[in-house]
> 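Have a look at the structure that comes next, please.
Side chains included, hydrogens not; waters and symmetry mates left out as well; all remaining heavy atoms used. Numbers here simply count residues along the sequence, with the first being 1. Indexing begins at 1, ligand by ligand and atom by atom, following the structure's order.
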Amino acid sequence: MDDNGLIEIANQARSKAYAPYSGFRVGAALLCEDGTIFSGANVENAVYGLSLCAERVTISKAVSNGYRSFKALAIIAEGEAPCPPCGACRQFLSEFGAEIDVIMANSNGDFKKAKIKELLPFAFTSERLSSKQG
Ligand code: THU
C-alpha cells in the first residue's frame, strides 16, 4: 500500500465522521506491518470533552483486534495545510513505536510525512515506567 492509497482509505473513513458540533470531519487509516489496514473517523459527543479523534479511534480498532505493529498512519481533513495529529494522538501513537510514519493530508491532495518521533520528540514511554524508583 502506497501513501496515496492509505490517504484514500482515510478519506473514505472520513465520510463516516460524526462531527455535529465542530463540523470538522477527520479520517484516519493505519497500515499494520502485515499489510492489514484499519480506518476510522472522529466521533464527537454532546459532552464535548468526550469526543474522540479519528486517529485514536483507528488505533484502538487495530489494537483491540490484536494488532500492535504499525508502519504508517494517514490522517486527512479539510484545510489549506495537511492535517497534523493533535498532541494526544501523537502520544497515543508513540506507544506503539517511534518509527511509525505519519502521513498528514488535506482534501486537495497535498500531504506531508514525518515519523512519530519527529512529531513527538522526548516522548514519555513505557521505558520511563520500568526505571521507576519506589
Ligand atoms: N480531531 C481529530 O479527529 N484528529 C486530530 O488530530 C485533531 C482533531 C477532531 C476532534 C474533533 O472531533 C474535531 O476534530 C475538532 O477538533
Side-chain angles (χ1 to χ4, degrees):
M1 171 65 56
D2 65 9
D3 294 346
N4 282 308
L6 200 61
I7 291 168
E8 179 49 34
I9 292 169
N11 200 35
Q12 286 167 15
R14 182 172 174 264
S15 68
K16 304 291 193 301
Y18 177 69
Y21 305 106
S22 72
F24 190 72
R25 304 165 73 83
V26 185
L30 184 62
L31 177 62
C32 302
E33 285 292 348
D34 73 352
T36 304
I37 294 170
F38 289 89
S39 64
N42 52 332
V43 181
E44 297 186 347
N45 192 276
V47 179
Y48 297 170
L50 294 182
S51 298
L52 295 172
C53 291
E55 300 92 312
R56 278 178 284 159
V57 167
T58 303
I59 296 163
S60 297
K61 282 175 73 174
V63 173
S64 59
N65 276 283
Y67 291 80
R68 295 180 183 176
S69 299
F70 307 127
K71 278 186 182 161
L73 175 72
I75 307 151
I76 186 164
E78 295 280 346
E80 290 274 305
C83 186
C86 80
C89 290
R90 294 177 197 208
Q91 177 65 29
F92 206 79
L93 183 62
S94 76
E95 178 74 16
F96 299 99
E99 302 295 330
I100 301 167
D101 286 317
V102 179
I103 301 162
M104 300 161 269
N106 67 9
S107 32
N108 302 334
D110 307 319
F111 74 90
K112 284 192 292 200
K113 197 169 167 179
K115 293 208 175 283
I116 188 63
K117 69 181 179 188
E118 297 173 289
L119 297 179
L120 188 66
F122 306 105
F124 185 95
T125 67
S126 60
E127 285 164 33
R128 177 69 50 171
L129 298 177
S130 57
S131 65
K132 68 182 182 290
Q133 292 170 1

> Do N106 side-chain atoms and G79 backbone N/O form a donor-acceptor pair below 3.5 Å?
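Checking the backbone N and O of G79 against the side chain of N106, a donor-acceptor pair under 3.5 Å is found.
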> Classify the ring geometry of F70 against F96: parallel below 30°, tilted from 30° to 60°, perpendicular beyond 60°.
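Geometry flag for F96 against F70: perpendicular rings.
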> Are the side chains of F92 and C53 in contact, using a 4.5 Å heavy-atom criterion?
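No, too far: nothing below the 4.5 Å cut-off.
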> Has the side chain of R90 got a donor or acceptor atom that lies under 3.5 Å from a matching backbone atom of L120?
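No, the answer is negative, given that no donor and acceptor are paired below the 3.5 Å cut-off.
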> Is there a donor-acceptor pair under 3.5 Å between the side chain of S39 and the backbone N or O of A10?
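Pair absent, no side-chain N/O of S39 close to backbone of A10.
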> Collect the protein residues that have a non-hydrogen atom under 4.0 Å from ligand 1 and hand them over in chain and number order.
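Residue list for ligand 1: S22, F24, V26, N42, E44, C53, A54, E55, P84, P85, C86.
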> Would you confirm whether N42, through its side chain, and V26, through its main-chain N or O, come within 3.5 Å as a donor-acceptor pair?
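A pair under 3.5 Å: yes.
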